[in-house]
Structures are given as C-alpha cells and as structure tokens.
Peer 1: 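Structure below; questions to follow.
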Number of protein chains: 2
Amino acid sequence: MYMTLHSNNGSLTASEMTQLSPAALGLIAEFFKVLSEVSRLQIVCSLKSGAKNVSEIIEATELGQANVSKHLRILTQAGIVSREQRGVCVYYEIANPILFELCEMVCDSLSIQITQQSEQLEQLGKLRRA
Amino acid sequence: MYMTLHSNNGSLTASEMTQLSPAALGLIAEFFKVLSEVSRLQIVCSLKSGAKNVSEIIEATELGQANVSKHLRILTQAGIVSREQRGVCVYYEIANPILFELCEMVCDSLSIQITQQSEQLEQLGKLRRA
DNA sequence: TTATTATATAGCTATTTAGTCATAAATTTC
DNA sequence: GAAATTTATGACTAAATAGCTATATAATAA
C-alpha cells in the first residue's frame, strides 16, 4: 500500500516517507523544481521584505518583464506566492513561508559540506607538503 | 554586501537569507534541482532503509541500469548519498539526512494546500447547490 | 474615445537533460 | 587467461524550459 500526500490528516512522518507513492513523489519533485531556478529564488527573496508589484520585482531582480511574469505564474501555481490585483498593478506576496525554512536548511547543509570539503582539501595540502 | 554560504560559521538565519548572493542562490537552486526528479527521489527513498548496491537499487526502483548509474553520480556529487566499493559491488547510502526533513516539510505543506483547495471546492459546490 | 501604463501571453531559439543502447572498465570466478 | 558479473560512460534522441521579442489584454487618465 502506498501512502498518499493527504493520508493521516496531512501529516507524514519521516518513517512513512519510505512508502510514498510515485504520484506523491511527483508532487514533491514538482515543488522542488519550482525552487530550482535562480531567477525564481531571486524573485522569492525580493518578496521577503513584503508584497511587491511586478514592476517592483523587475526592478529588484533586474530580470526581463516577460520572464518575471512567467516565473510569477509558476510560483503562484505552486502556491508559493499569492496574487492580488490593485488597480492596474498586481501585487505578489509570499504565501508559503515554509520556503525560507527550506532554504535555510539547505544553506546550513551546503555550508557544512563546503566547510568539510575545504577542511579535507586543507588536510590534503598538509599531506602534500609533508 | 552579499552573504555567502559559509559566512557566520555555516549558519544563516532566515532574515539573512534576503541578501543571499546570486552565487549562493545558484548553489541552493542546484541542490533543489537534484531533488526535482522523481527517479532520484525514488532512489533516495529506496535507500531510506539502509545502504544498497546498484543492482539492489535497480530492483527496488525498476529503473534502467545506465539511468540509475547516472542519477547516483548526480546524487553523490550533490553530497546527498555516499559511495563505497565492496568488491565488485558499489554500495550507496544516504549521506545527508536533511533530505527527509525537507521532503517531510514539503509533504506537509502540499497536504495543507491540497486540503485547503478541496475545502474551497467543497464550499463552491455548496454555493452552487444553494 | 484615445492614450498610457502595467501585466500577461504567444511564438521562437538555444540549452539542458532524462532515458536508452552499446560499450568500456573493474572485479571475481573458473 | 577467459568468462561472467557489476558498474560506469559515451553517443544519441526526445522533451522540457529559460529567456527574448512582439503583441495582447486590462485598467486608468486625459
């Protein structure tokens, strides 16, 4: 029996994850894919300080207009940002703060890796010099 | 001034993330990209119960041999799994357990979204029937 | 209405990459 | 050494997509 994403009232423990169905893995993969583009991470980061309209996002990220528009559509569909029209302008806002936790965890993890690698390189250097 | 990944002894707070450099965002994006493929998530899940050699992974995931080999290379380079040769066989193992936390968080998040969406759809149904 | 501004979208190109097949490389067994 | 087994790699194809330009749509102002 596979585990679906909304079994158990929407909460999955790590041990249950082993049995995630291909469909659930597909949703997870899709979510990660949305976060796997530098441009989209830039946009999200630019919204960290609060809601911005498209023009403001373009200015903050220095990306092209059409490009930003497309990325915002992807982020909205993924439920990561929310969209609100105010007159001519459309304001976007972080809708899913989980994202920053995720990034933080990845940052920490990568930092540790980088630190370990540089330590290993240093050890290697010492061995060479010896 | 941009924040690099290994500033502050490898620990970044959420508030600092706003100022991540494009280079740091690139590393984060790359990490997420590795996790954005169903096949790789399948492989990782198959390793949840412990180390497996390539043949065992192929059996567990039902993916092609060359394909698995390539994915394992990508996962290894990303520091997500580790590689150990024992005779003819090569055993892979989860090296970065952060991954399961990440998946769990995404699962929870997605579950909540799906629940909310289905509730909204239900509300919509009630309105239509009324 | 017309003009202007803000955002979205269609069409296109170039790049990336997952998957497959064939083959190479490495290890063990006979 | 030869054969068999396990894993890795190179070549190729098909599909996905980021970014661009041009254009469409929507809202406001004149």
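Excluded from the calculations below are hydrogen atoms, water molecules and symmetry mates; all remaining heavy atoms, backbone and side chain alike, are included. Each chain gets a letter, A, B and so on, in the order the sequences are listed, and its residues count up from 1.
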Peer 1: When A:I43 is tested against each of A:N67, A:I58, A:L75 for side-chain contact (heavy atoms from CB on, under 4.5 Å), which residue passes?
Peer 2: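 For A:I43, the side-chain contact (heavy atoms from CB on, under 4.5 Å) check succeeds only for A:L75.
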
Peer 1: Establish whether the base of D:dA26 is bridged to the side chain of A:Q85 by a donor-acceptor pair shorter than 3.5 Å.
Peer 2: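 Under the 3.5 Å cut-off, the side chain and the base do not form any donor-acceptor pair.
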
Peer 1: Could you give the CG-to-C1' distance, from B:N67 to D:dA8, as a whole number of Å?
Peer 2: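 Going from CG in B:N67 over to C1' in D:dA8 covers 13 Å.
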
Peer 1: Indicate yes or no for a side-chain donor-acceptor contact from A:S36 to the backbone of A:K33 under 3.5 Å, with no hydrogens or angles considered.
Peer 2: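 Pair found, side chain donor or acceptor close to backbone of A:K33.
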
Peer 1: Categorize A:R86 for me: base, sugar-phosphate, or nothing, with a 4.0 angstrom heavy-atom threshold over every strand shown.
Peer 2: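 No contact.
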
Peer 1: If you assign each of A:S39 and B:L72 to its closest nucleotide in DNA chain D, which residue comes earlier from the 5' end?
Peer 2: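 The residue closer to the strand's 5' end, by nearest nucleotide, is B:L72.
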
Peer 1: Figure out the CD1/P separation between A:I43 and C:dT7, and round it to whole Å.
Peer 2: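 One finds 13 Å between P of C:dT7 and CD1 of A:I43, rounded.
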
Peer 1: Would you classify A:Y91 as touching base, sugar-phosphate or nothing, given that sugar-phosphate means primed atoms plus P, OP1 and OP2, and contacts are heavy atoms under 4.0 Å?
Peer 2: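 Nothing: the residue A:Y91, judged by heavy atoms under 4.0 Å, touches no strand.
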
Peer 1: CD of A:E30 versus C1' of D:dA16: gap in Å, rounded?
Peer 2: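 Going from CD in A:E30 over to C1' in D:dA16 covers 13 Å.
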
Peer 1: Would you kindly give the CG-to-P distance between A:L63 and D:dT21, to the nearest whole Å?
Peer 2: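 My rounded result for the distance is 14 Å.
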
Peer 1: Would you mind telling me which residue lines up with the more 5' stretch of DNA chain D, A:E37 or A:A66, judged by nearest nucleotide?
Peer 2: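 Whichever sits nearer the 5' end wins; that is A:E37.
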
Peer 1: If you measure only the distance, is there a donor-acceptor pair under 3.5 Å linking the side chains of B:N96 and A:S109?
Peer 2: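 Distance-only check passes for B:N96 and A:S109.
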
Peer 1: Given atom CD1 of A:I58 and atom P of C:dT5, what is their separation to the nearest angstrom?
Peer 2: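 In whole Å, C:dT5 P and A:I58 CD1 are 15 Å from each other.
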
Peer 1: Ignoring backbone atoms, establish whether A:R73 has a side-chain N or O less than 4.0 Å from OP1 or OP2 of C:dA8.
Peer 2: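 The answer is no; no side-chain N or O of A:R73 sits under 4.0 Å from OP1 or OP2.
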
Peer 1: Hey, does the Lys NZ or Arg CZ of A:K48 hover above the aromatic six-ring of A:F100, less than 6.0 Å from the centre and inside 45° of the axis?
Peer 2: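 Here A:K48 passes the 6.0 Å and 45° test against A:F100.
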
Peer 1: Can you tell me if A:R83 touches the phosphate of C:dA8, counting only side-chain N or O atoms and a distance under 4.0 Å to OP1 or OP2?
Peer 2: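 Answer is yes, contact under 4.0 Å.
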
Peer 1: Could you state the CZ-P distance from A:R40 to D:dT17, rounded to the nearest angstrom?
Peer 2: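 The answer, rounded to whole Å, is 9 Å.
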
Peer 1: Is there a side-chain polar atom (N or O) of A:H71 under 4.0 Å from OP1 or OP2 of D:dT17?
Peer 2: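 So the side-chain polar atoms of A:H71 never come under 4.0 Å of the phosphate oxygens OP1 or OP2 of D:dT17.
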
Peer 1: Check this one for me: any side-chain N or O of A:S55 less than 4.0 Å away from OP1 or OP2 of C:dT7?
Peer 2: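 Answer is yes, contact under 4.0 Å.
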
Peer 1: Side chain of B:Q65: nearest nucleotide among D:dT7, C:dT5, C:dC21?
Peer 2: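 Per side-chain heavy atoms of B:Q65, the pick is D:dT7.
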
Peer 1: Send over the distance from A:E59 CD to C:dT5 C1', rounded to a whole Å.
Peer 2: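 In whole Å, C:dT5 C1' and A:E59 CD are 16 Å from each other.
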
Peer 1: Quick check for you: among C:dT7, D:dT7, C:dA22, whose closest atom lies nearest to any side-chain atom of B:C89?
Peer 2: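 Selected nucleotide: D:dT7.
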
Peer 1: Does B:K33 make a side-chain donor-acceptor contact with the base of C:dT17, cut-off 3.5 Å?
Peer 2: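 There is none.
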
Peer 1: It should be established whether B:Y92 places a side-chain nitrogen or oxygen under 4.0 Å from OP1 or OP2 of nucleotide D:dT6.
Peer 2: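 Checking D:dT6 against B:Y92, no side-chain N or O comes under 4.0 Å of OP1 or OP2.
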
Peer 1: Is it true that B:Q42 and B:R40 share a donor-acceptor pair across their side chains at a distance under 3.5 Å?
Peer 2: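 Checked: B:R40/B:Q42 side chains show no N/O donor-acceptor pair below 3.5 Å.
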
Peer 1: Can you sort out the partners of A:S55 under side-chain contact (heavy atoms from CB on, under 4.5 Å), two or more places apart, ordered by chain and number?
Peer 2: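 Residues passing side-chain contact (heavy atoms from CB on, under 4.5 Å) with A:S55: A:N53.
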
Peer 1: From the set D:dA18, C:dT9, C:dT7, return the single nucleotide nearest to any side-chain atom of A:K70.
Peer 2: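 The closest nucleotide is C:dT9.
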
Peer 1: Provide, to the nearest angstrom, the distance between the CD1 atom belonging to A:I74 and the P atom belonging to C:dT9.
Peer 2: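 These atoms are roughly 12 Å apart.
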
